[in-house]
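Chain A is the first sequence line, chain B the second, and so forth, proteins listed ahead of strands; every chain is numbered from 1. Computed from heavy atoms alone, side chains included, the values below leave out hydrogens, waters and symmetry copies.
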2 protein chains.
Amino acid sequence: MTITQLKYALAIAEHKNFTKAAEKCFVTQPTLSTQIQKLEDELDIIIFDRGKKPIEVTDLGRKIIFQARNIVNEADRIRDIVDQEKGFIGGEFRLGIIPTVMPTLLPMFLKNFIKKYPKVKLKIEELTTEEILARISDGHLDAAIAATPLESENIKERVLYYEPFVAYVPNNHRLKDKKTIDVSDLDIEDMLLLEDGHCFRDGVINLCKTFKDQMDDSFQLESGSIETLIKLSNEGMGMTLLPYLHTLDLKEKLNPNLKHFTQPSPAREVSILYHKSELKMQIIDAMHNSISGIIRGAIKFQNVEIISPLAK
Amino acid sequence: MTITQLKYALAIAEHKNFTKAAEKCFVTQPTLSTQIQKLEDELDIIIFDRGKKPIEVTDLGRKIIFQARNIVNEADRIRDIVDQEKGFIGGEFRLGIIPTVMPTLLPMFLKNFIKKYPKVKLKIEELTTEEILARISDGHLDAAIAATPLESENIKERVLYYEPFVAYVPNNHRLKDKKTIDVSDLDIEDMLLLEDGHCFRDGVINLCKTFKDQMDDSFQLESGSIETLIKLSNEGMGMTLLPYLHTLDLKEKLNPNLKHFTQPSPAREVSILYHKSELKMQIIDAMHNSISGIIRGAIKFQNVEIISPLAK
DNA sequence: TATATTTATAACTTAAATCTATAATAATGA
DNA sequence: TCATTATTATAGATTTAAGTTATAAATATA
């Protein structure tokens with residue numbers, strides 16, 4: 001049994017296809033066939049059921065694959081330990097970011113980060129919270145940025161910053177004339193929310209829950225982006241909540257519609273997530289420091305006591 | 001980097017000597033030299049300082065060796081998973097047992113166990129609790145039987161049985177005429193205890209602590225075995241406590257000196273210990289079942305409420 | 001049934017691991 | 001200090017393993 005054989009097995013388990021897995025491993029298909037056969041012979045078990053199309057992992061195979069994942073992860077970590085010791089920050093780093101954080105955070109820290117750590121090859125993907133959790137678990141992401149707490153098994157969270165919510169109140173709304181807004185003013189019935197899967201919505205719902213103690217399942221509308229949300233709001237569909245950083249990009253003429261909350265302001269907790277195995281920890285540390293530094297300048301509310309609307 | 005290379009590195013780290021490590025690995029010394037060089041070249045680090053005699057592991061090398069231990073453990077577990085699935089109970093199994101459990105427990109379950117699981121090659125060693133903890137941690141023992149709770153990091157405990165203590169009161173002792181004895185009768189000042197490192201002593205001290213709330217450091221005597229303990233006791237050195245199973249072997253004429261405790265009787269907790277990685281779990285399960293079954297017949301006090309003298 | 005897709009096998013090549021023999025190096029003792 | 005001893009490194013040959021190309025066999029698809 002070799003680490004290489006285990007990596008081949010993982011690739012096949014993932015692609016359910018020897019040919020495709022071989023490509024991903026940069027070897028030919030016969031190499032995979034023979035190596036997997038050797039592994040199966042040595043353990044005297046069948047890992048893959050080639051009878052089914054697409055190929056299926058056997059019951060026992062699944063356990064072997066799970067353990068193979070552990071072994072390969074632990075093995076990869078050797079490289080990580082060496083890098084950390086040498087102070088080397090580099091290599092490929094796959095980062096997932098949720099849609100409502102992507103457009104505001106990325107432009108702020110990206111330039112700074114790649115300048116500071118030129119040897120890191122960043123691969124950034126916009127993903128929903130659900131996708132992020134799955135891909136960190138299966139090792140396809142090295143880390144991700146999402147609203148927390150999620151408390152998902154095997155995934156660690158480290159808070160990057162707290163981003164206050166700002167209310168966007170359209171011209172015809174009942175709260176139009178208030179200068180500041182209080183959490184108790186909110187009503188789930190006249191609020192627009194982002195579509196399912198966007199954690200921002202979870203944040204808003206939890207926020208309302210906090211004060212209403214229970215919620216109604218029939219929301220009035222769901223939208224896919226902050227821009228759409230504002231437009232729908234202007235069309236008389238209700239008020240909405242925007243994460244603070246988004247409000248900095250708004251056209252000036254919309255500013256009168258923004259109502260800041262009375263302190264303590266509700267906020268969402270934004271964290272960097274990573275697998276409990278702490279692979280590539282030195283890059284995660286670097287990213288954490290980089291983002292925290294940038295955010296300190298952008299969000300001035302940092303010293304204000306903030307309630308987390310996402311707490312369970 | 002291969003699993004084989006990591007195993008070689010572990011062997012060298014352990015023996016501090018390429019030649020001896022090579023023997024243990026069943027390869028020649030040049031094989032180890034070249035494989036370790038390849039590993040060091042690939043990681044671009046030095047793991048072993050050959051300048052020192054005996055060889056020393058470098059600071060970074062220590063971290064690599066630690067991680068190598070993880071990887072090799074996880075890799076060994078693949079075999080374990082397959083065995084478990086196939087219901088195969090076999091292979092080498094190294095078991096440590098503390099001195100005060102060894103002579104009573106081993107004759108009871110050994111014959112039964114090797115008959116039931118003929119493919120397990122048991123290697124049993126008498127060791128102190130301290131040695132046991134060290135050797136489970138470094139992977140030299142698969143499991144051990146000792147008095148608990150120990151709550152040592154990385155080591156799991158599973159209770160096998162509770163063994164009541166029986167007081168041995170010599171003829172000239174102040175408690176000689178009592179039919180049964182109560183824990184409150186005990187006095188650390190006139191008690192004989194086993195030498196340091198035998199957990200039984202810890203048990204007795206904790207027992208006295210429980211009722212005296214503090215203890216005196218000047219014990220009157222320390223001895224290495226149950227037999228010596230009884231002889232010393234007869235010589236007027238004080239009373240002593242015997243684990244119940246030991247009293248079954250005593251010569252009949254000594255029976256009048258045994259005083260059972262009033263219920264709830266103090267007892268020691270005897271557990272099977274194993275590494276948290278749960279390697280060879282199916283053998284550990286088999287051994288647990290085997291011992292529990294045997295003990296149910298031997299200790300009739302099982303249904304009696306028992307206080308654990310070892311609780312912290 | 002022909003065609004395409006995918007895995008297995010065969011024969012060969014390349015690369016890796018291991019061996020024997022021996023050199024180099026460092027520690028030990030007269 | 002200079003053999004003696006113990007120990008690791010290196011060279012060259014051998015065995016074993018991994019990978020390649022070419023092709024057969026098996027399975028789905030049209």
Side-chain angles (χ1 to χ4, degrees), chain A residues 1-58 60-62 64-65 68 71-72 75-76 78-79, chain B residues 1-58 60-62 64-65 68 71-72 75-76 78-79:
Chain A
M1 187 180 74
T2 67
I3 295 172
T4 309
Q5 285 172 353
L6 297 177
K7 284 183 178 169
Y8 291 167
L10 288 177
I12 296 167
E14 180 177 344
H15 297 100
K16 315 280 183 211
N17 179 311
F18 278 62
T19 314
K20 277 176 197 144
E23 274 174 45
K24 296 280 175 183
C25 295
F26 306 106
V27 291
T28 58
Q29 167 266 315
T31 299
L32 254 73
S33 284
T34 51
Q35 287 309 115
I36 295 301
Q37 278 173 41
K38 277 182 58 178
L39 181 61
E40 290 181 326
D41 283 356
E42 185 184 337
L43 299 176
D44 194 27
I45 54 166
I46 302 293
I47 299 173
F48 300 106
D49 183 351
R50 288 94 158 159
K52 308 266 177 59
K53 297 280 154 107
I55 280 172
E56 274 181 25
V57 181
T58 63
L60 178 48
R62 228 183 312 284
I64 299 298
I65 292 295
I71 297 169
V72 171
D76 283 348
I78 289 257
R79 175 90 268 151
Chain B
M1 186 180 73
T2 66
I3 296 173
T4 309
Q5 285 172 354
L6 298 177
K7 284 184 178 168
Y8 292 166
L10 288 177
I12 296 168
E14 181 176 344
H15 296 99
K16 314 282 183 209
N17 180 310
F18 279 63
T19 314
K20 277 176 198 145
E23 274 174 45
K24 296 282 175 182
C25 296
F26 305 106
V27 290
T28 58
Q29 166 266 315
T31 298
L32 254 73
S33 284
T34 51
Q35 287 309 116
I36 295 301
Q37 278 172 41
K38 277 183 59 178
L39 180 61
E40 290 181 325
D41 282 357
E42 185 184 338
L43 299 177
D44 194 26
I45 55 165
I46 301 292
I47 300 173
F48 300 107
D49 182 351
R50 288 95 158 158
K52 309 267 176 61
K53 298 283 154 103
I55 280 173
E56 275 181 24
V57 181
T58 63
L60 178 49
R62 231 183 310 284
I64 299 299
I65 292 296
I71 297 169
V72 170
D76 284 348
I78 289 254
R79 175 90 267 150

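- Taking atom CD on Glu23(A) and atom C1' on dT6(C), their separation rounds to 13 Å, with Å as the unit.
- Applying the side chain to side chain donor-acceptor pair (under 3.5 Å) criterion to Gln37(A), with sequence neighbours excluded, gives no partner residue.
- One distance of note links CD1 of Ile3(B) with CD1 of Ile71(B); it measures 8.5 Å at 0.5 Å rounding.
- Within a 6.0 Å radius of NZ in Lys16(B), other residues, nucleotides and ligands contribute more than 12 heavy atoms.
- Contact check of residues 7-16 of chain B against DNA chain D (heavy atom, cut-off under 4.0 Å) returns no residues at all.
- The structure places CD1 of Ile64(A) at 9.0 Å from CG of Leu6(A), a figure rounded to the nearest 0.5 Å.
- Partners of Arg79(A) according to the side chain to side chain donor-acceptor pair (under 3.5 Å) rule, which considers only residues two or more places apart in sequence or in another chain, do not exist here.
- Between Gly51(A) and Gln5(A), the one whose closest nucleotide on DNA chain D sits nearer the 5' end is Gln5(A).
- For residues 39-47 of chain A, proximity to DNA chain D is found at no residue, defined as any non-hydrogen atom under 4.0 angstrom from a strand atom.
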Can I get a per-line list of side-chain donor-acceptor pairs under 3.5 Å for residues 21-36 of chain A, giving both atom names and the distance, sequence neighbours left out?
from     : atom 1 : to       : atom 2 : distance (Å)
Thr28(A) : OG1    : Thr31(A) : OG1    : 3.1
Gln29(A) : NE2    : Ser33(A) : OG     : 3.0
Thr34(A) : OG1    : Pro30(A) : O      : 2.9
Thr34(A) : OG1    : Thr31(A) : O      : 3.0

Donor-acceptor pairs under 3.5 Å, side chain of residues 39-48 of chain B to any protein atom, not counting sequence neighbours: which ones?
from     : atom 1 : to       : atom 2 : distance (Å)
Glu40(B) : OE1    : Arg50(B) : NH1    : 2.9
Glu40(B) : OE1    : Arg50(B) : NH2    : 3.2
Glu40(B) : OE2    : Ile47(B) : N      : 2.7
Glu40(B) : OE2    : Phe48(B) : N      : 3.2
Glu40(B) : OE2    : Arg50(B) : NH1    : 3.0
Glu42(B) : OE1    : Met1(B)  : N      : 2.5
Glu42(B) : OE2    : Met1(B)  : N      : 3.0
Asp44(B) : OD2    : Lys86(A) : NZ     : 3.4

Restricting to nitrogen or oxygen on both sides, can you table the protein-nucleotides 9-14 of chain D pairs closer than 3.5 Å?
from    : atom 1 : to       : atom 2 : distance (Å)
dA9(D)  : OP1    : Arg50(B) : NE     : 2.8
dA9(D)  : OP2    : Ser33(B) : OG     : 3.0
dA9(D)  : N7     : Gln29(B) : NE2    : 2.8
dA9(D)  : N6     : Gln29(B) : OE1    : 3.2
dT10(D) : OP2    : Gln37(B) : OE1    : 3.2
dT10(D) : OP2    : Gln37(B) : NE2    : 3.3

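- Residue contacts shown for Leu32(A) are absent, as no nucleic acid heavy atom lies under 4.0 Å away.
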